[in-house]
Every structure is written in C-alpha cells, then in structure tokens.
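Read the structure below first, then the notes.
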Amino acid sequence: MCGIVGYSGLKPVRQVLTDGLASLEYRGYDSAGVALWENDAVTVIRQQGRLSKLVERLGLMHEQSRCGIGHTRWATHGQPSEVNAHPHRQGRVTLVHNGIIENYLQLREELEKKGYHFQTQTDTEIAAALIDSCYTGSPLEAIRKACAGMEGAYAFAILFDGHPNCVYGVRLGSPLVAAVDETGAYLASDLAAILPYTDRYLLPEEGELLALENGRLTCYDSDLQPMEPVWKQAHWSVEQAQKEGYRYFMEKEIHEQPQALRRTISPRIEDGLPTFGVDGLPAGFFQKIRRLYITACGTALYCGMVGKALIEKIARLPVEVEVASEFRYRDPILEPDSAAVIISQSGETADSLAALRLLKARGIPVIAIVNVVGSSIAREADYCLYTYAGPEIAVATTKAYSVQVAMMYLIAILAAGERQVVDQEQQRRLIEGLEEAVELTPKVLAMKEEIRSYARGLRDTESMFYIGRGLDYSLALEGSLKLKEISYIHAEAYAAGELKHGTLALVTPHTPVVALATQPELLSKTVSNMREVMARGGPVLALVTEDLEIDAGACDQRITIPGKGGIFAPLLVVIVLQMIGFYAAEERGCDVDKPRNLAKSVTVE
Ligand code: F6R
C-alpha cells in the first residue's frame with residue numbers, strides 16, 4: 001500500500017530512489033514521484049502510471065542531487081492522477097506517505113481557516129500542511145507536534161526547506177525500516193529497497209523519529225532524545241528478491257514452494273514430532289485451550305479455513321475462522337481459555353493488525369503466523385511462528401500460502417498430541433504424511449504443460465466456478481481468488497453441494513467448472529455435483545488424486561494429482577490452482593505480477 005524511500009549521502013540519489021521504488025512497486029503502481037535536494041532547494045517530479053514512466057521522465061537529469069525521497073502509490077484518497085501523486089508540498093514541507101490519515105477532513109477544515117489552500121483530494125497534502133503549521137524551526141518538534149494531531153496510519157519521509165540534504169522519518173501503524181552503509185543513510189517501507197546496500201537494518205518503534213542528515217542516521221525517542229539504534233540482521237538476500245531467469249516473480253515463487261515448505265517445516269520437527277520450541281511457544285500451550293479463533297484476510301483467510309478443517313479433524317479443537325475486517329468491528333464474544341491465530345504474509349495488513357489488538361486487549365493470547373520478519377503483527381503478537389517462504393514480490397501470493405498451510409498441519413498435529421487425541425506414534429505418522437506430500441510438490445510443478453494447456457483454453461472465458469467439499473471447498477476459494485485477481489476472469493467458489501440451491505442457473509457451456517475431488521469420504525457426493533454440472537452442459541475439469549477413481553462421464557477432463565487423497569492433498573492441489581491462474585493470466589496478456597487495482601501489502605482498512 002504505497003512504498004516510500006529516502007536517502008541522504010554521497011551517491012547520486014536519483015538512482016538510489018528509482019532502484020528502491022522498483023523493488024517497492026509491488027506495494028502500488030498508480031503513480032510514482034520523487035523530491036530531490038538540488039542547489040539548496042527541493043525539486044518535485046511526479047508522474048501518473050508506472051515507475052518506468054517516471055524514470056523515462058527523469059532521464060539523465062538531476063545527477064547532482066545527493067538527497068531525496070520517493071514514492072510509488074496505491075491510490076486511496078483521490079484518483080491515480082499526476083496531481084494526486086506524491087511527493088506533496090505545503091509551505092516549507094515536502095513529503096511522501098504510506099497509510100491513511102483518517103481525520104483529514106477535519107484537519108483540512110482547520111488548516112483552511114489558517115489560510116492553507118489545497119490542490120489535491122489527498123490526505124497526504126493535509127499532513128504536509130499540518131506539519132508545516134507546526135514548524136517553527138525544528139523539524140523534529142514539528143513532526144512530533146503534528147503527529148499528535150493525526151489519526152490513522154502513516155509512515156512519512158519528509159524534507160524541510162532550510163534543512164538541505166536531510167530527510168526525516170516517522171511511523172505509526174505503517175512499516176518503515178532504516179539502514180546505513182559507507183555512503184550514507186536510507187529509509188524505506190521495506191527491506192527490499194535496502195538489501196542491495198546492506199543487510200543490517202533497524203525498525204523504528206511507533207513514535208520514534210529518524211533523521212538522515214548529510215549521510216548520518218540518528219534515531220530519537222518520542223521525547224526527541226537521541227537513542228542507540230537496535231540493529232537487526234536481514235535473512236533475505238538480494239538474489240532472493242530477483243527473478244532469477246523466470247519471466248515473472250509469480251512463476252518463480254510458485255516454483256520455490258518445495259524449498260519454502262522444507263525450510264518452514266524441518267526446524268519444527270524433532271524426533272519425528274512437531275514442536276514450536278524454536279519459536280518460543282511453550283510446550284503444552286494447546287492442552288487447556290478450549291477454542292481457537294483464526295482471523296486473517298484474503299488468501300491468508302482461506303488458509304485459516306484449511307486450518308479449521310485440519311485442527312478440528314486432527315486435534316478435535318473447535319476453531320472459528322473470520323474475516324479480520326468483520327471480526328474487528330463485531331464486538332465478538334470470546335470464550336475464556338481460548339487462543340487466537342493471526343495469519344499474514346506481510347505482517348502489516350491493517351485489518352489483521354486491528355483484530356490482533358482487539359484480541360490482546362480482551363486477554364486472548366495471540367499466535368501470529370507471519371512471513372516478514374519484524375513486521376507489526378510479528379512484533380505485537382504474544383508468539384510469532386515465522387514462515388520461511390523468503391521474499392514474496394508478486395502481488396498474488398503463492399508460496400506464502402503453502403507455508404502458512406504447512407503451519408496449520410504442524411499446529412493441528414502438535415495440538416492433537418498435547419490434547420491427547422492422538423498418541424506419539426500417530427503424530428509421527430501424520431508428520432510422515434506431511435513430509436511425503438512436500439516431497440511430491442516437484443512432481444506437480446513438472447505437470448506444467450498439462451496445466452498450461454487447460455489454462456490456454458480459458459483465454460475468452462468470462463466467468464467460471466470452482467467447486468469442492470470439505471478441504472476441497474477451502475481450496476476452491478483460493479483457486480478462484482488466484483484466477484480472478486490476475487486474469488480478471490470472474491470466478492466464484494462454491495461448496496459443491498450448494499451449487500444447486502440457485503447458482504446452477506448460471507452454468508452454461510460457456511461456464512467452465514473446476515471440480516476438486518481429493519477427499520475420499522466425500523468423493524461420491526462431489527462426483528454427483530459434477531454430474532449435475534455436466535447435465536447442464538458446463539465443461540468440468542476434475543482435479544483428482546491418483547488413488548481416486550471417478551467415472552468418465554463425470555467430467556470432460558481430468559488432471560491427476562500425484563499422491564493419495566485426504567488431508568495432505570491441499571499442498572499439492574493448490575499448486576495446480578496457482579498454475580491455472582498464472583497461465584490463464586499470461587494467455588490473456590495480463591500483467592501477472594502487478595494486477596490492476598491491487599497492492600501487495602494492504603495497510604489501509
Ligand atoms: C491474494 C493475496 C491477498 C492477501 C491478503 C492478506 O493473492 O495475496 O488476498 O492474502 O491481502 O495479506 P497478508 O497475508 O499480507 O496479511
């Protein structure tokens with residue numbers, strides 16, 4: 001949700017900013033802009049559309065500048081036009097912003113009374129004016145005072161007239177990282193922009209301030225006292241954040257799933273049994289828990305649904321799964337002796353973070369399952385189980401989902417043992433089942449030509465359905481989301497038995513249906529639902545594991561998933577679903593990694 005970057009040092013800043021923005025473009029790509037210190041004045045250059053247009057416009061100019069800020073936008077307030085593009089300037093203040101200032105209309109009124117005029121519909125221009133109105137010579141004082149009047153979420157990089165070669169930074173609810181190398185000081189929305197220079201970074205706490213002054217970085221606490229930075233070490237490399245020969249990040253990330261799964265699972269298995277010892281989750285945590293709440297957004301929510309099915313089945317622990325944006329405003333009734341799990345790749349999703357805060361305020365212990373180290377959700381949860389997917393750049397998540405699902409298996413098997421629903425031998429067998437499924441994932445990746453050939457046939461499709469029962473239904477939801485977000489084909493997921501209660505009316509020979517049939521105990525029921533579709537002329541693709549038989553008349557086409565049907569099939573089925581989405585989008589000429597209207601990290605409500 002917007003990416004910001006800032007630099008002060010010895011290098012030409014134009015390159016540092018545009019390189020940084022290129023690695024943050026997944027956060028939004030409606031417009032891009034920079035503000036540069038040149039000859040003791042600030043020059044602002046903004047451009048609607050992708051960063052490449054801004055780079056073209058900058059050309060070889062502004063080579064002398066050594067300090068500046070940059071922004072890549074995902075529009076919230078105001079259309080994605082040049083005038084609404086960041087940086088915004090008011091009085092002596094120029095800034096870029098990631099987040100939303102919720103009380104901006106009220107602030108706008110107050111500032112207009114003070115004589116400010118606004119050119120844009122953005123909340124960011126109001127923030128610039130507010131900071132300017134608080135400015136009496138000290139940038140840090142002005143920022144601190146202005147922030148006290150702002151409600152919402154923000155990470156700012158700010159330039160003040162009269163303070164050449166200085167960038168100031170502050171955050172609340174939006175991410176910000178900072179670093180130094182031998183040439184100068186950096187700040188950015190995330191590590192990807194900084195990794196090419198250094199793997200040592202710091203994460204300012206909310207309310208702390210950063211000053212990048214002539215290449216030096218100073219951190220200040222909320223009383224504006226300089227403080228010793230707490231350095232962290234990055235575990236991701238620049239190479240991991242590059243395409244490495246693949247045409248798209250999404251394609252690369254789909255192919256990285258076997259390694260990502262092994263990296264995530266193996267540190268959590270000791271002597272064939274699951275453990276979260278490496279994560280600091282106390283042994284016996286699930287022993288006394290009577291109910292588990294899982295809350296998340298989008299794909300992470302669908303992972304939560306898989307988790308519910310697994311945890312209830314294997315550990316007999318009741319689980320409630322809810323969309324974070326609903327949960328947070330529902331005043332939920334939470335039972336004593338319960339615990340919660342928040343699932344988030346980015347660890348910054350605003351609704352998931354708010355749900356976490358609500359749960360903690362109500363005294364419910366929260367386990368976070370997060371991919372981005374040091375992110376807000378990871379930091380605020382009582383326990384954080386990191387997934388080791390590595391950096392995920394494509395907007396549509398793939399490998400991060402698979403490793404989240406792997407965590408669901410581990411939680412289910414661990415909880416089953418702690419609750420004495422299964423004995424150690426059964427736990428070991430379940431872990432073996434999980435490991436066997438992971439070892440089969442390369443086989444699914446090798447089926448790409450078969451999957452691509454099906455996806456090619458979707459070129460002119462306008463609408464389609466994904467159906468399944470039980471675990472297959474949760475997977476159907478993920479499959480349909482993957483397809484629609486990157487190929488723009490309308491897709492809906494249905495519990496297979498529910499189709500006939502109305503939606504079957506939409507099935508025609510032009511409405512392909514992907515039927516997931518990997519759960520042996522539900523197979524005959526799903527097959528009946530496939531037949532209902534076939535009888536209405538709907539073309540059915542069946543995704544069936546190799547051990548399961550279905551009669552030829554139940555589908556037009558079958559893709560056989562390696563391995564056995566049952567609880568571990570999701571790890572294999574999802575790869576087929578991801579590839580259907582990917583190849584359909586590619587066939588339709590879509591920008592696979594950067595689908596329209598979306599951004600990777602959703603730090604607004
Ligand atoms: C879909 C997708 C989104 C995210 C959702 C939550 O491919 O990526 O639906 O799953 O925005 O994001 P995180 O996991 O970062 O909280």
Side-chain angles (χ1 to χ4, degrees), residues 1 26-27 153 155 171 173-177 189-192 201 203 205-206 232-236 240-241 253 256-257 260-261 263-265 267-268 276-281 285 292-304 306-307 321-325 327-328 339-360 364-395 397-411 414 599-603:
M1 224 68 332
Y26 72 88
R27 300 178 68 88
R171 68 175 282 265
S174 294
L176 194 62
V177 301
S189 294
D190 94 33
L191 265 183
Y201 65 100
L203 297 165
E205 293 295 335
E206 293 187 347
K232 294 184 183 298
Q233 191 68 33
H235 298 289
W236 294 350
Q240 277 180 298
E253 289 158 6
E256 284 173 341
Q257 289 179 106
L261 283 163
R263 266 202 311 269
T264 300
I265 294 170
R268 276 114 184 181
F276 289 113
V278 281
D279 308 285
L281 187 73
F285 180 88
L292 202 61
Y293 301 100
I294 301 185
T295 176
C297 303
T299 289
L301 177 81
Y302 297 151
C303 166
V306 172
V321 183
E322 194 166 342
V323 181
S325 56
F327 181 83
R328 62 181 291 194
V341 174
I342 305 277
I343 308 173
S344 175
Q345 187 285 129
S346 62
E348 299 294 348
T349 301
D351 286 317
S352 306
L353 181 59
L356 179 153
R357 288 177 177 163
L358 183 149
L359 285 156
K360 282 191 71 177
I364 307 288
V366 178
I367 300 174
I369 295 181
V370 169
N371 196 41
V372 177
V373 175
S375 53
S376 304
I377 292 175
R379 285 193 279 177
E380 292 194 28
D382 296 293
Y383 307 99
C384 181
L385 316 181
Y386 281 115
T387 52
Y388 301 128
E392 196 180 60
I393 311 290
V395 165
T397 189
T398 52
K399 60 177 179 171
Y401 169 86
S402 293
V403 291
Q404 289 164 352
V405 169
M407 287 296 204
M408 296 294 117
Y409 287 106
L410 291 172
I411 289 179
L414 180 86
K600 182 124 189 104
S601 180
V602 186
T603 52

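Please read all numbers here as calculations on a predicted model, not as lab measurements.
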| said: Nearest 0.5 angstrom please: Met407 CE to Ile265 CD1, how far? | reply: 9.0 Å
| message | I need the Ile342 CD1 to Phe327 CZ distance, nearest 0.5 Å. | response | 7.0 Å
| request: Drop me the distance from Ser344's OG to Leu301's CG, to the nearest 0.5 angstrom. | output: 12.0 Å
| request: Nearest 0.5 Å please: distance from the CG atom of Leu359 over to the CZ atom of Arg328. | output: 12.0 Å
| How far does CD of Glu256 sit from CD of Glu392, to the nearest 0.5 angstrom? | 9.0 Å
| field | CA sep, side-chain torsions, deciding dist, call: Arg379, Leu203, side-chain contact (heavy atoms from CB on, under 4.5 Å) | value | CA-CA 11 Å; Arg379 285 193 279 177; Leu203 297 165; 3.8 Å; yes
| Could you walk me through whether Ile343 and Met408 pass the side-chain contact (heavy atoms from CB on, under 4.5 Å) check? | CA-CA 10 Å; Ile343 308 173; Met408 296 294 117; 3.5 Å; yes
| remark: Between Ala389 and Ala260 the two heavy atoms that sit nearest each other are CA-CB, 3.9 Å
| Hey, does Glu348 have a side-chain heavy atom less than 4.5 Å from the side chain of Val372? | no
| message | Whether the side chain of Gln345 engages the backbone of Ala300 through a donor-acceptor N/O pair (distance < 3.5 Å, no angle test) should be reported. | response | no
| query | Do the side chains of Thr397 and Gln404 get nearer than 4.5 Å, heavy atoms only? | reply | no
| request: Quick one: list whatever passes ring pair (Phe, Tyr, Trp, His ring centres under 6.0 Å) with Phe285, sequence neighbours left out. | output: Tyr383
| field | Donor-acceptor contact below 3.5 Å, side chain Lys399 vs main chain Pro391 | value | yes
| task | Give the minimum heavy-atom separation between Cys297 and Thr349, together with the two atoms involved. | result | SG-CG2, 3.7 Å
| How long is the span from the CD1 atom in Ile369 to the SG atom in Cys303, to the nearest 0.5 Å? | 6.5 Å
| Which heavy-atom pair separates Arg171 from Ser376 by the least distance, and what is that distance? | NH2-OG, 3.3 Å
| note | In terms of heavy-atom contacts, Ala155 and Ser174 come closest through N-CB, 3.7 Å
| request: Kindly indicate whether the side chain of Tyr293, heavy atoms from C-beta on, has any atom under 4.5 Å from the side chain of Val341. | output: no
| request: Please report the closest heavy-atom contact between Asn371 and Thr387, naming both atoms and the distance. | output: OD1-O, 2.9 Å
| query | Under a 4.0 Å N-O cut-off, is there an ion pair linking Glu380 with Arg357? | reply | yes
| message | Once ring pair (Phe, Tyr, Trp, His ring centres under 6.0 Å) is applied, do any residues pair with Phe276, and if so which ones, sequence neighbours excluded? | response | none
| query | Tell me, do Leu410 and Leu385 make a side-chain contact under 4.5 Å, heavy atoms counted? | reply | no
| note | Taken in chain and number order and not counting sequence neighbours, the residues that satisfy side-chain hydrogen bond (donor to acceptor under 3.5 Å, both in side chains) with Asp279 are Arg268
| said: So which atom in Asp382 and which in Ile364 form the shortest heavy-atom distance, rounded to 0.1 Å? | reply: OD2-O, 4.0 Å
| request: Could you verify whether a donor N or O on one side chain and an acceptor N or O on the other, from Gln257 and Ser402, lie under 3.5 Å apart? | output: yes
